[in-house]
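None of the values given here were measured: they were computed from a predicted structure. This chain uses plain numbering: 1 for the first residue, then up along the sequence.
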Amino acid sequence: MCQNHGVAYIKPGEVEIQEIEYPKLALGDRKCEHGVILKIVSTNICGSDQHMVRGRTTAPAGLVLGHEITGIVIEAGRDVEFIKMGDLVSVPFNIACGRCRNCKVGQTGICLNVNPARPGAAYGYVDMGGWVGGQAEYVMVPYADFNLLKFPDKDQGMAYIKDLTLLSDIFPTGFHGAVMAGVGPGSIVYVAGAGPVGLACAASCHLLGAAVVIVGDMIQERLDQAKSFGCEVIDLTKDTPLEQAIAAIVGVPEVDCFVDCVGFEARGHGSNAGTEMPATVLNTAMAVTRAGGAIGIPGLYVTGDPGAKDKAAQEGSLSIRIGLGWAKSHSFYTGQCPVMKYHRSLMNAILYDKIKIAKAVNVEVITLQDAPRGYKDFDKGAAKKFVIDPHNMIMN
C-alpha cells in the first residue's frame, strides 16, 4: 500500500508533516461506491486554514488540513459513471451530495447530508463533517460524479495548473463575493483585504467589468500586488478616514459595491490598526456603500472564536450598526461560496486566456515538506498564494 503524508494542525502557530492513513473508498463501515481516490497534483494553503492554525477556532490537534484540491483519479468506486481513471479534476471545497433540496437548487455550500452537525461540509476543516483534508499526497472524494470538475484536456490542464488550482476555492469565492455585491460594467467597488481572496476578488471585479476597483489593506506588499494589475489602493494604517480616501480616488465618499474579504480577525484603521476589532469591516461597509448598494461577505465569520477578547465575540456575536444598513437599504450576502455555481465558467475564462488569476494572486509553488514555512510566511502577511505540490509534478 502507498504511503500518505499530510499537513496536520498541532497547536496554535504550529503544523507538521505526518504520515497519515492512505485513503479508502469507505464511509465509516460501508464502501463508498460513489467516491474516488485522487493522487493530489496541487493543494493550496487558504486564509481559512490560518484561522485554525492561529488557534482562533475549536480545531482539534491532529486535524489534517486542506480543502483546496486538484488531482488525478487513481481509483473509482463501482457507481462512478462519468469520471474516469486518469482524469485531471478540480475538487470544490464544499462537499455536496447532489441529492438534498439545497444541492438541487445549487446551494452546494449548505448540503444537508454530508455533515451531521449542521448544513455544509468541507475537507480538513473544523466542524465541517470530519472529512480528511487534502494537504496530502492522496485523498478520498465522495459523490465524485456530482462534485468533480474534469478538465477537458489533461495536458492543457497541466499547462494552466497554477491558475486552475485556484478553482477549488479562492477564485470562485472571490468571484462570488463580487457577484453578490452586484459588481458589473461600470461599477465602483471597494474590496476590503488584499490577501489571496481579496486579490482574487479584485481580479474578478475587473473580469466583471468594474470601472474602478479600490483595495484596502495594511500591508504594503499586498497593496503593491493589487496595484500591479490595475487596482487603486488605500493604506489603512493611515489616519485618513476611509470615506475621504475613497473620495480622493473617485470624487465621492462612497462606492456602489463593497466586498468583505477579511472576516472576523479584522483590525481597526489608522491609529487602531494594531487593535483587533472584528466588526470593523462590516460597519465600514455600511458607512461607505451607497444607499441601495450591496455588500458581499465571503470573509469568514465563525460561531466560536476562543481567541476573541470579549465573551460576545467568542460566540460569534459582533456589535454592528445594522440600523445604518437598514436605513440605507443595503443588501447583505454571507456564507460559503457554492463553488459549483461558478467553477466551469471560470475554468473557461482561464483556458481561453481571459484572466491570469495565478499572476493576480502571486502563486508560489512549494513542496509538501515546505508547507510549515508556507504557513509561517502567509501568517506574516506575504503577498502570495502558496500552492503545495506533493508529488513534484508542477515544479519539475
Side-chain angles (χ1 to χ4, degrees), residues 46-48 109 166 169-219 222-223 225-227 229-236 242-243 245-246 249-250 253-267 269 278-301 318 320 324-325 328-339 341-342 346 355 357 360-361 383 385:
C46 180
S48 297
L166 305 177
D169 180 358
I170 176 180
F171 189 12
T173 292
F175 189 85
H176 177 65
V179 169
M180 293 299 99
V183 177
S187 296
I188 295 174
V189 188
Y190 181 84
V191 177
V197 170
L199 294 170
C201 179
S204 297
C205 291
H206 287 305
L207 185 64
L208 289 163
V212 181
V213 181
I214 305 168
V215 179
D217 202 279
M218 301 179 185
I219 299 174
R222 290 182 170 186
L223 293 174
Q225 183 63 24
K227 202 169 184 178
F229 59 92
C231 299
E232 301 289 337
V233 298
I234 295 175
D235 183 351
L236 298 176
L242 184 59
E243 294 91 335
I246 290 172
I249 296 170
V250 296
E254 62 182 17
V255 295
D256 299 316
C257 316
F258 189 109
V259 191
D260 174 3
C261 296
V262 177
F264 75 103
E265 287 194 68
R267 297 180 182 275
H269 298 167
T280 296
V281 178
L282 298 175
N283 286 323
T284 300
M286 291 181 278
V288 304
T289 303
R290 67 171 176 82
I295 299 167
I297 310 173
L300 176 66
Y301 289 87
L318 307 181
I320 63 171
L324 177 60
K328 296 175 76 172
S329 294
H330 286 153
S331 299
F332 297 82
Y333 297 89
T334 68
Q336 292 184 14
C337 167
V339 169
K341 182 176 181 179
Y342 306 106
L346 296 180
I355 189 167
I357 190 65
V361 304
K385 176 66 170 177

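When only modelled atom types and interatomic distance are considered, D260 and Y301 share a side-chain donor-acceptor pair under 3.5 Å.
Rounding to the nearest 0.5 angstrom, the gap separating the CZ atom in F175 from the CD1 atom in I170 is 14.5 Å. The distance from atom CG of L223 to atom CG of D217, rounded to the nearest 0.5 Å, is 5.0 Å. Between the SG atom in C257 and the CD1 atom in I214 there is a gap of 11.0 Å [rounded to 0.5 Å]. Interatomic distance, CG of L282 versus CG of L324, reported as 12.0 Å (0.5 Å rounding). Separation of atoms CG (L199) and NZ (K385) is listed at 10.5 Å; rounding is to 0.5 Å. I249 contributes atom CD1, which lies 10.0 Å from atom CD1 of I188 (distance to the nearest 0.5 angstrom).
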Practice item. Please step through side chain to side chain contact (heavy atoms under 4.5 Å, CB included) for the pair V189 and V212, ending with a clear verdict. Key: CA-CA 6 Å; V189 188; V212 181; over 6 Å; no
**Study point:** Criterion side chain to side chain contact (heavy atoms under 4.5 Å, CB included) on L300 and F264, from CA distance to verdict
**Key:** CA-CA 6 Å; L300 176 66; F264 75 103; 4.2 Å; yes
Practice item. Could you check I234 against I246 for side chain to side chain contact (heavy atoms under 4.5 Å, CB included), going step by step and ending with a plain yes or no? Key: CA-CA 8 Å; I234 295 175; I246 290 172; 4.0 Å; yes
Exercise for review: Report the C-alpha distance between F332 and M286 in whole Å, list the side-chain angles of each, state the deciding distance to 0.1 Å, and finish with yes or no for side chain to side chain contact (heavy atoms under 4.5 Å, CB included).
Suggested key: CA-CA 10 Å; F332 297 82; M286 291 181 278; 3.7 Å; yes
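Heavy atoms only, all atoms of each residue included: G296 and A181 are closest at N-CB, 3.7 Å. Residues I357 and A203 share a closest heavy-atom pair of CD1-CB, 3.9 Å. R267 and M218 make their closest contact through O-CE, 3.6 Å (heavy atoms, listed as atom of the first residue, atom of the second, distance). For the residue pair L208 and A178, the shortest heavy atom distance occurs at CD1-CB, 3.7 Å. When all heavy atoms of L236 and G216 are compared, the pair lying nearest together is CD1-C, 3.8 Å. Counting all heavy atoms, side chain and backbone alike, C231 lies closest to H206 at SG-NE2, 3.7 Å.
The shortest side-chain heavy-atom distance between F258 and V191 does not fall under the 4.5 Å cut-off. Annotation: side chain of P298 is not in contact with side chain of Q336 (no heavy-atom distance under 4.5 Å). Contact of the E232 side chain with the V213 side chain is not registered, since no non-hydrogen atoms from C-beta on lie closer than 4.5 Å. At a threshold of 4.5 Å between non-hydrogen side-chain atoms, the residues H269 and T284 count as touching. Residues P172 and L346 form a side-chain contact, since some pair of their non-hydrogen atoms from C-beta on lies under 4.5 Å apart. Counting only heavy atoms from C-beta outward, the side chains of T289 and Y190 never approach each other to under 4.5 Å.
A distance-only check finds a donor-acceptor pair linking the side chain of Q225 to the backbone of A360 [under 3.5 Å]. Using modelled atom types, no side-chain atom of K328 and backbone atom of R290 make a donor-acceptor pair closer than 3.5 Å. Using a distance-only test at 3.5 Å, with no hydrogens or angles considered, a donor-acceptor pair links the side chain of S187 to the main chain of G184. Looking only at distances, no side-chain donor or acceptor of H176 sits under 3.5 Å from a matching main-chain atom of Y342.
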